Amino acid sequence: MLKLGILGLGEGRSTIAAALNSSKIELKMMCDLSEEACKQRAKEFDFHHYTTSYQEMLNDAEIDAIAIYTPDKLHAEHVKMALKHGKHVICTKPFIDDLADAKELLELSKQSGKKVFVGQSSRFFEPAKRQRKDFEAGLIGDLITIEAQYHADHRWFLEKPWALESSFKWLYGGLSHPVDFIRWYLPNIEEVMGYGMLSENGKKGGLKNEDTMHFIFKASDGRIARVSGAYTGPTQPAQRDSGMSTILRGTEGASQADYHELRYAVTDKTGEEKIIIWGDSTLKYYFRFEGQSHHAGEYQNYLEYFADSIEQNFTAYPDMQEGIGTVALLQAMDKSLKTGMPVKIKNILNNYGL
């Protein structure tokens, strides 16, 4: 059983729920700088082993792994400390916010012999899992192209003061989900081109960076994919259009996985068309808090997958290397927005000696 410490109890709330409901995980301690946050979670989950000192949690020899849900700019330091204390690491996406930290972290992971897993939760949602399973079983033939999108009316989010800082970008905060799906199916992206704009609603809300973006990707084998994101305008009814969708188009079929809706559609190589919608018990597994907020079911799925990877000694993906690759791709996308030109991923990696 994997003995876990959780750092950061905002987003970490889902991981607390996941760990306490899993037969493969034992929650040992939780940690947040805010004692108020610790007390709130202790009361909510009736789990009272908490500390406001990350060092205290790292010093606990019984803890095998640290799950990190702190702000992006702190990930590198927190991952580094965990590895230096001989802990396995689960880190929420995006893995790091500065590729200058990547080389040292790769070296540290190698030296420590500890596993690092990046929590791309969307891969572990039921429709995405089914889409991957069908793809690997050859139901849609060879992949031709992927279209992924994340569109949401997130104007409520602008009430958070840090959402209006110049450092906040929907490119990283939102588009990183569908971009991860692109890399899952086309890991060898070599070039990206995109345009973005700040909508009238975004300007009115005080946003500093693009809230509406469209990108095209080219892989080294010539295949192409596209991603789009729009975050401050009304959306279609959920029956018509999910907030997040990934469409795979293959030589013999096609499939679409939707989120938040537990909805999946596939036309397989026999020509049969199926739409699957999971019922209430699955809904309750994935969404345990207010409405469809937080990601407890996805987190439980990935925690258990990570626990299995340690017990059975296989690599849990996305690993550190893949997490760094996704950050490099996001940085290339950012550069393309600024320059209005295509950007090669290897140029970004070369800048950091990766």
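Both backbone and side-chain heavy atoms feed into the values below; hydrogens, waters and symmetry mates do not. Since the structure is predicted, the reported quantities are computational estimates derived from the model, not experimental observations. We're numbering straight along the sequence, starting at 1.
The side-chain heavy atoms of Thr246 and Ile146, taken from C-beta on, include a pair separated by under 4.5 Å. Residues Cys38 and Leu9 have side chains in contact (heavy-atom distance under 4.5 Å, counting atoms from C-beta outward). Side chains of Glu107 and Ser112 form no contact here, defined as non-hydrogen atoms less than 4.5 Å apart. Residues Thr315 and Ser309 form no side-chain contact, since every pair of their non-hydrogen atoms from C-beta on lies 4.5 Å or further apart. Between Glu252 and Ile140 the shortest side-chain heavy-atom distance does not fall below 4.5 Å. Residues Val179 and Phe215 fail the side-chain proximity criterion, which asks for heavy atoms closer than 4.5 Å. Between Met81 and Gln55, some side-chain heavy-atom pair lies under the 4.5 Å cut-off. Under the 4.5 Å side-chain criterion, counting only non-hydrogen atoms from C-beta, Arg41 is in contact with Ile16.
At distances below 3.5 Å, at least one donor-acceptor pair connects side-chain atoms of Ser109 with backbone N or O atoms of Lys114. A donor-acceptor distance shorter than 3.5 angstrom exists from the side chain of Asn21 to the backbone of Ala17, with no hydrogens or angles considered. Checked by atom type and distance alone, the side chain of Asn188 never pairs as donor or acceptor with a backbone atom of Ala219 at under 3.5 Å. Remark: the backbone N or O of Ile224 is paired with a side-chain donor or acceptor of Thr145 at under 3.5 angstrom. Within the 3.5 Å criterion, the main-chain N or O of Lys346 finds a donor-acceptor partner in the side chain of Asn350. Of the possible donor and acceptor atoms, one in the side chain of Arg223 sits under 3.5 Å from a partner among the backbone N and O of Leu143. A donor-acceptor distance shorter than 3.5 angstrom exists from the side chain of Asp211 to the backbone of Ser199, with no hydrogens or angles considered. Looking at Ser34, its side chain does come within 3.5 Å of a backbone N or O of Ala37 through a donor-acceptor pair. Between the side chain of Thr326 and the backbone N or O of Glu322, at least one donor-acceptor pair lies under 3.5 Å. Of the possible polar contacts, none joining the Ser242 side chain to the Met244 backbone as a donor-acceptor pair under 3.5 Å is found.
For the residue pair Glu77/Tyr54, the side-chain donor-acceptor check at 3.5 Å is not satisfied. Donor-acceptor pairing under 3.5 Å is recorded for the side chains of Tyr259 and Glu298. At a cut-off of 3.5 Å, with distance as the only test, no side-chain donor of Thr52 or Glu35 sits close to an acceptor on the other residue.
Ring planes of Phe314 and Tyr305: tilted class, angle from 30 to 60°. Classified by interplanar angle (parallel below 30°, tilted 30° to 60°, perpendicular above 60°), the ring pair Trp184/Phe181 is tilted. Below 30°, between 30° and 60°, or above 60°: for Trp278 and Tyr264 the angle between ring planes is between 30° and 60°, a tilted geometry. Classified by interplanar angle (parallel below 30°, tilted 30° to 60°, perpendicular above 60°), the ring pair Phe287/His260 is tilted.
In this structure, Gln321 places its CD atom where only 12 or fewer heavy-atom neighbours from other residues, nucleotides or ligands lie under 6.0 Å away. Glu311 CD: 12 or fewer foreign heavy atoms inside a 6.0 Å radius. The neighbour count for Leu33 CG, taken as heavy atoms of other residues, nucleotides or ligands under 6.0 Å away, does not exceed 12.
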Original post:
Step by step, would you call His49 with Phe47 a ring pair (Phe, Tyr, Trp, His ring centres under 6.0 Å)?
Top reply: CA-CA 6 Å; His49 302 285; Phe47 180 85; 5.3 Å; yes
Subject >> Worked verdict on Tyr231 versus Thr212 for side-chain contact (heavy atoms from CB on, under 4.5 Å) >> reply: CA-CA 7 Å; Tyr231 298 103; Thr212 310; over 6 Å; no
Original post:
Step by step, would you call Phe306 with Ile25 a side-chain contact (heavy atoms from CB on, under 4.5 Å)?
Top reply: CA-CA 10 Å; Phe306 187 63; Ile25 308 290; over 6 Å; no
Original post:
Where do Ile66 and His78 land on the side-chain contact (heavy atoms from CB on, under 4.5 Å) test, with the steps shown first?
Top reply: CA-CA 9 Å; Ile66 303 288; His78 289 153; over 6 Å; no
**OP:** Check the pair Gln300 / Leu303 against side-chain contact (heavy atoms from CB on, under 4.5 Å), numbers first and verdict last.
**Re:** CA-CA 5 Å; Gln300 186 165 336; Leu303 285 177; 5.6 Å; no
Original post:
Checking ring pair (Phe, Tyr, Trp, His ring centres under 6.0 Å) for the pair Trp170/Phe168: CA distance, chi angles, key distance, verdict?
Top reply: CA-CA 7 Å; Trp170 276 116; Phe168 176 75; 5.1 Å; yes
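Contact record, Leu83 with Leu108: CB-CG, 4.0 Å, taken as the closest heavy-atom pair. Residues Lys87 and Leu58 approach most closely at CE-O, 3.3 Å, considering heavy atoms.
Within the cation-pi definition used here (under 6.0 Å to the ring centroid, within 45° of the axis), Arg288 qualifies as a partner of Tyr285. Geometric assessment of Arg13 against the ring of Phe289 yields a positive cation-pi assignment under the 6.0 Å and 45° thresholds.
Classification of Asp319 and Lys115 as a salt-bridged pair fails, no side-chain N sitting under 4.0 Å from a carboxylate O. Residues Asp134 and Arg130 are paired through a salt bridge, judged by an N-O separation under 4.0 Å between the basic side chain and the carboxylate. Lys24 has no carboxylate O lying under 4.0 Å from a charged side-chain N of Glu304, or vice versa, which leaves the two without a salt bridge. We find that Glu126 and Lys129 are joined by a salt bridge, their nearest charged nitrogen and carboxylate oxygen being less than 4.0 Å apart. Using a 4.0 Å cut-off between charged side-chain N and carboxylate O, Lys208 and Glu165 make no salt bridge. Between Glu62 and Lys28 a salt bridge is recorded (basic side-chain N to carboxylate O distance below 4.0 Å). A salt bridge is absent between Asp180 and Lys93: the closest approach of a Lys/Arg side-chain nitrogen to an acidic carboxylate oxygen does not fall below 4.0 angstrom.
Expressed to the nearest 0.5 Å, how far CG of Asn201 lies from CG of Leu207 amounts to 10.0 Å.
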